[in-house]
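Heads up, the thing below is written out as structure tokens.
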Amino acid sequence: MFKNVIVKTPGKSYVNGLTTSDLGKPDYGRLLEQHAAYIEALKACGVEVTHLAESEEYPDSTFVEDAAVVTPEFAIITNPGAESRNGEKEEIEAVLKNFYSKFHYITPPGTLDGGDVLQVDKHFYVGISERTNREGAEQFKNIAETEGYTATIVELQEFFHLKTGIAYLGDNTIAAAGEFLDHPDFAEYEKVEIPDADEYSANCIKVNDFVIIPKGFEETKRKLAERGLETIELEMSEFQKHDGGLSCLSLRF
Ligand code: CIR
């Protein structure tokens, strides 16, 4: 069970942040509404929300997931791969000091974004992406192993981050899209298969008794319901415009 989450309000500078999408400029008012709804959904899942104020100097810093990886026993402060985001790790580390006494760090020349790390119980999958390099992934694997976890390094072919295309739903089940549908590293799992047209909904989060999914993906909702999973749907349009999904907006522990 997750007890805590950390979220951060997006600042006005969000609209000038990084993106590879061509979905248009985010509307700041709608963005704030969607972020507020995200917080309410998390509260409905029974977690305590630590809510950080916006910081204009880091346009992408609402995506708190990328600056740290958190487990029940320790936190790993990452070394985010985008230069404009790298300094975000300092605030996140300071906040996590309220919850953790044990820290590990990804250090240069290693880079790693938390969005490239998927945890399945005592195992991690670590994606090598535009943001996470092999050195960062190897450092992560070593840290995991010293802590009694195991890790598999996965080279991404197309997805932006590992968790852009995959989520763990408990009970040996994953939601998988695109390159992860037939990927040998995930062959052992039961799969909720997400077709290309619904790819965005592969980035969903299981928080205690609910799976939070983006709004507008009826097929994904139906497939989750078939497995007895209760969903909460959230409008995510303004985050999607900047390559963000549900997992990116919180640290859950
Ligand atoms: C970025 O390019 O870094 C942000 N615009 C989006 C980050 C999304 N984070 C994630 O998938 N973990």
Side-chain angles (χ1 to χ4, degrees), residues 5-28 30-31 34-35 38 42 52 54-70 75-89 91-92 106 111-119 124-133 136-137 140 154 156-168 175-180 194 199-207 212-214 234 236-253:
V5 300
I6 296 173
V7 299
K8 182 172 164 85
T9 298
K12 290 192 184 69
S13 64
Y14 174 88
V15 300
N16 304 317
L18 302 171
T19 188
T20 59
S21 96
D22 55 4
L23 297 171
K25 212 164 175 76
D27 177 299
Y28 186 60
R30 287 179 66 195
L31 181 80
Q34 291 175 7
H35 195 259
Y38 181 75
L42 288 170
L52 311 180
E54 69 273 23
S55 46
E56 298 302 342
E57 68 272 39
Y58 293 115
D60 287 292
S61 57
T62 190
F63 299 117
V64 287
E65 168 179 81
D66 291 318
V69 175
V70 284
I76 299 177
I77 303 302
T78 69
N79 189 31
E83 213 181 311
S84 66
R85 300 198 56 190
N86 192 264
E88 292 175 26
K89 63 192 180 197
E91 182 188 20
I92 294 299
I106 304 297
T111 62
L112 183 133
D113 276 13
D116 281 317
V117 178
L118 174 70
Q119 188 178 351
F124 292 103
Y125 294 91
V126 188
I128 295 185
S129 69
E130 292 276 310
R131 300 285 174 86
T132 297
N133 62 17
F140 190 97
V154 183
L156 303 194
Q157 305 301 319
E158 283 168 19
F159 280 122
F160 171 53
H161 278 131
L162 181 84
K163 278 184 290 193
T164 310
I166 194 163
Y168 185 58
E179 66 194 79
F180 300 129
I194 313 274
E199 185 182 290
Y200 184 67
S201 63
N203 183 273
C204 53
I205 47 173
K206 176 132 191 320
V207 185
I212 307 180
I213 63 170
L234 291 179
M236 288 290 290
S237 60
E238 307 315 295
F239 294 104
Q240 187 177 9
K241 286 174 181 172
H242 276 205
D243 297 334
L246 287 157
S247 75
C248 329
L249 290 175
S250 59
L251 286 167
R252 303 166 293 282
F253 52 103

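Just so you know, ligand 1 is whichever comes first in the structure, and atom 1 is the first atom listed for that ligand. Worth saying up front: this structure is predicted, and the values here are computed from it rather than measured. Hydrogens, waters and symmetry mates are skipped; everything else that's a heavy atom, side chains included, is used.
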For ligand 1, which atoms have a heavy atom of H161 less than 4.0 angstrom away? 9 (N), 10 (C), 11 (O), 12 (N)
Heavy atoms only: which of E65, K163, R85, Q240 is nearest to atom 3 (O) of ligand 1? R85
What atoms in ligand 1 come closer than 4.0 Å to a heavy atom of F63? 4 (C), 5 (N), 6 (C), 7 (C)
Is R85 paired with D66 through a side-chain N to carboxylate O contact shorter than 4.0 Å? yes
Identify, for atom 9 (N) of ligand 1, the protein heavy atom at the shortest distance, and state residue, atom and that distance. D66 OD2, 2.9 Å
For D243, is the nearest heavy atom under 4.0 Å from an atom of ligand 1? yes
Looking at E57, I want to see if its CD is surrounded by more than 12 non-hydrogen atoms of other residues, nucleotides or ligands under 6.0 Å. yes
So with a 6.0 Å cut-off around CD of E130, is the heavy-atom count from everything else above 12? no
Ligand 1 atoms nearer than 4.0 angstrom to some heavy atom of H242 are 4 (C), 5 (N), 6 (C)
Judged by heavy atoms only, the candidate from G244, G115, C248 nearest atom 10 (C) of ligand 1 is C248
Can you report which non-hydrogen protein atom sits closest to atom 4 (C) of ligand 1, along with the distance? D60 OD1, 3.3 Å
Any idea how F124 and F140 line up, ring-wise: parallel (<30°), tilted (30 to 60°), or perpendicular (>60°)? perpendicular
Exam field: side chain T111 to backbone P80, donor-acceptor pair closer than 3.5 Å: no
So is there a nitrogen or oxygen of T19 less than 3.5 Å from a nitrogen or oxygen in ligand 1? no
Measuring from non-hydrogen atoms of T164 to any atom of ligand 1, is the shortest distance under 4.0 Å? no
What are the atoms of ligand 1, with element, lying closer than 4.0 Å to any heavy atom of L18? 2 (O), 5 (N)
Side chains of S247 and N203, donor plus acceptor under 3.5 Å: yes
Exactly one of I194, T164, L156 should register a side-chain contact (heavy atoms from CB on, under 4.5 Å) with F180. Which one does? L156
Give me the nearest non-hydrogen protein atom to atom 2 (O) of ligand 1 as residue plus atom name, then the distance to 0.1 Å. R131 NH2, 2.8 Å
Any side-chain donor-acceptor pair under 3.5 Å between S250 and K8? no
